[in-house]
A.B. asks: 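Handing you a structure now.
Excluded from the calculations below are hydrogen atoms, water molecules and symmetry mates; all remaining heavy atoms, backbone and side chain alike, are included. Just so you know, these numbers come straight off a predicted model, no measurement behind them.
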Amino acid sequence: MAEQTDERDWWVRRLLPGGEDPDPRFSLANERTFLAWIRTALALLAGGIAIEAFAVGLFEPAVRKGIALLLIVLGMFVSGGAFMRWLGVERAMRHSRPLPMPLIAPVLGLGAAVSALVLAIFILTTAP
């Protein structure tokens with residue numbers, strides 16, 4: 001049992017150095033936000049896989065692969081950004097600093113806009 005505590009203490013010291021433990025309610029809210037971003041990342045990954053697997057007859061192969069790749073890469077960035085956001089918020093709370101701006105939101109917004117633009121151009125250029 002002591003090994004698990006020591007391992008957790010090492011991770012806490014490594015990832016969250018210094019400061020005071022915040023109110024557990026705030027840490028749990030931060031964790032829920034992290035999980036919401038992870039759900040978004042998983043949805044993007046699933047969307048990319050679905051486009052590649054099930055939209056064979058709907059799109060040109062290059063367009064289909066491009067959209068699928070864009071969604072998968074966006075999901076990858078959102079999942080990595082979710083961890084960085086969680087860590088930044090946790091550190092800010094521990095040191096009583098202002099919360100950092102979420103950098104994931106612009107990445108997700110821009111990625112969704114580019115995906116929508118590609119789809120709109122494809123629909124406009126292939127419509128009879």
Side-chain angles (χ1 to χ4, degrees):
M1 190 71 160
E3 285 183 33
Q4 290 178 348
T5 303
D6 291 342
E7 182 178 318
R8 182 190 179 281
D9 289 345
W10 180 84
W11 275 104
V12 170
R13 284 192 313 271
R14 178 87 172 145
L15 294 176
L16 304 169
E20 300 285 325
D21 283 343
D23 185 325
R25 294 174 293 179
F26 299 136
S27 288
L28 292 172
N30 189 27
E31 186 176 337
R32 284 190 300 275
T33 303
F34 167 77
L35 293 173
W37 282 113
I38 291 297
R39 282 191 301 273
T40 301
L42 289 173
L44 289 165
L45 292 170
I49 292 167
I51 290 286
E52 181 58 26
F54 301 118
V56 174
L58 296 176
F59 301 108
E60 300 281 332
V63 172
R64 187 184 74 241
K65 288 188 184 300
I67 294 169
L69 186 61
L70 181 62
L71 291 172
I72 290 169
V73 168
L74 189 56
M76 180 184 70
F77 279 118
V78 169
S79 64
F83 173 73
M84 296 308 293
R85 170 80 178 150
W86 170 84
L87 188 59
V89 168
E90 197 67 28
R91 285 178 177 168
M93 289 189 303
R94 285 175 167 271
H95 295 278
S96 299
R97 292 190 312 244
L99 298 181
M101 291 296 296
L103 296 178
I104 312 169
V107 169
L108 186 58
L110 184 61
V114 169
S115 297
L117 180 64
V118 169
L119 282 171
I121 290 170
F122 177 76
I123 290 169
L124 290 173
T125 58
T126 59

A.B. asks: Give a yes or no on whether the backbone of Pro17 and the side-chain of Arg91 come within a donor-acceptor separation of less than 3.5 Å.
C.D. replies: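 No: the side chain of Arg91 does not pair with the backbone of Pro17.
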
A.B. asks: Which atom pairs, one a donor and one an acceptor, fall under 3.5 Å between side chains of residues 37-45 and the rest of the protein, sequence neighbours left out?
C.D. replies:
from: Thr40; atom 1: OG1; to: Ala36; atom 2: O; distance (Å): 3.1

A.B. asks: Please round to the nearest 0.5 Å and tell me the distance separating atom OG1 of Thr33 and atom CG of Asn30.
C.D. replies: 6.0 Å

A.B. asks: Side-chain heavy atoms under 4.5 Å apart, restricted to Ile/Leu/Val/Met/Phe/Trp/Tyr: what other residues fall into the cluster of Phe26, or is it alone?
C.D. replies: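 Same cluster as Phe26: Val89, Met93, Leu99.
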
A.B. asks: Name all residues meeting the side chain to side chain contact (heavy atoms under 4.5 Å, CB included) criterion together with Glu60; count only those two or more places apart in sequence or in a different chain, and write none if there are none.
C.D. replies: Val63, Phe122

A.B. asks: Nearest heavy-atom pair of Pro22 and Glu90: which atoms, and what distance?
C.D. replies: CG-OE2, 3.5 Å

A.B. asks: Could you pull out all residues at least two apart from Arg32 that satisfy side chain to side chain contact (heavy atoms under 4.5 Å, CB included)?
C.D. replies: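 By the side chain to side chain contact (heavy atoms under 4.5 Å, CB included) rule, Arg32 matches Leu28, Ala29.
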
A.B. asks: Quick one: side chain to side chain contact (heavy atoms under 4.5 Å, CB included) partners of Ala68, sequence neighbours excluded?
C.D. replies: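 Side chain to side chain contact (heavy atoms under 4.5 Å, CB included) list for Ala68, sorted by chain: Ile51, Glu52.
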
A.B. asks: Using modelled atom types only, decide if a donor and an acceptor are shared between the side chain of Arg85 and the backbone of Pro100 within a distance under 3.5 Å.
C.D. replies: yes

A.B. asks: Check whether Leu35 and Trp86 end up in the same hydrophobic cluster, where Ile, Leu, Val, Met, Phe, Trp and Tyr are linked by side-chain heavy atoms less than 4.5 Å apart.
C.D. replies: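 They do share one cluster, since a chain of ILVMFWY contacts under 4.5 Å joins Leu35 to Trp86.
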
A.B. asks: May I have the list of side-chain donor-acceptor pairs in residues 73-82 shorter than 3.5 Å, sequence neighbours left out?
C.D. replies:
from: Ser79; atom 1: OG; to: Gly75; atom 2: O; distance (Å): 3.3
from: Ser79; atom 1: OG; to: Met76; atom 2: O; distance (Å): 2.8

A.B. asks: To the closest 0.5 Å, what do you measure between CD1 (Ile104) and CZ (Phe34)?
C.D. replies: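 The distance works out to 9.0 Å.
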
A.B. asks: Is there a path of hydrophobic side-chain contacts, each under 4.5 Å between heavy atoms of I/L/V/M/F/W/Y residues, joining Ile121 to Ile67?
C.D. replies: no

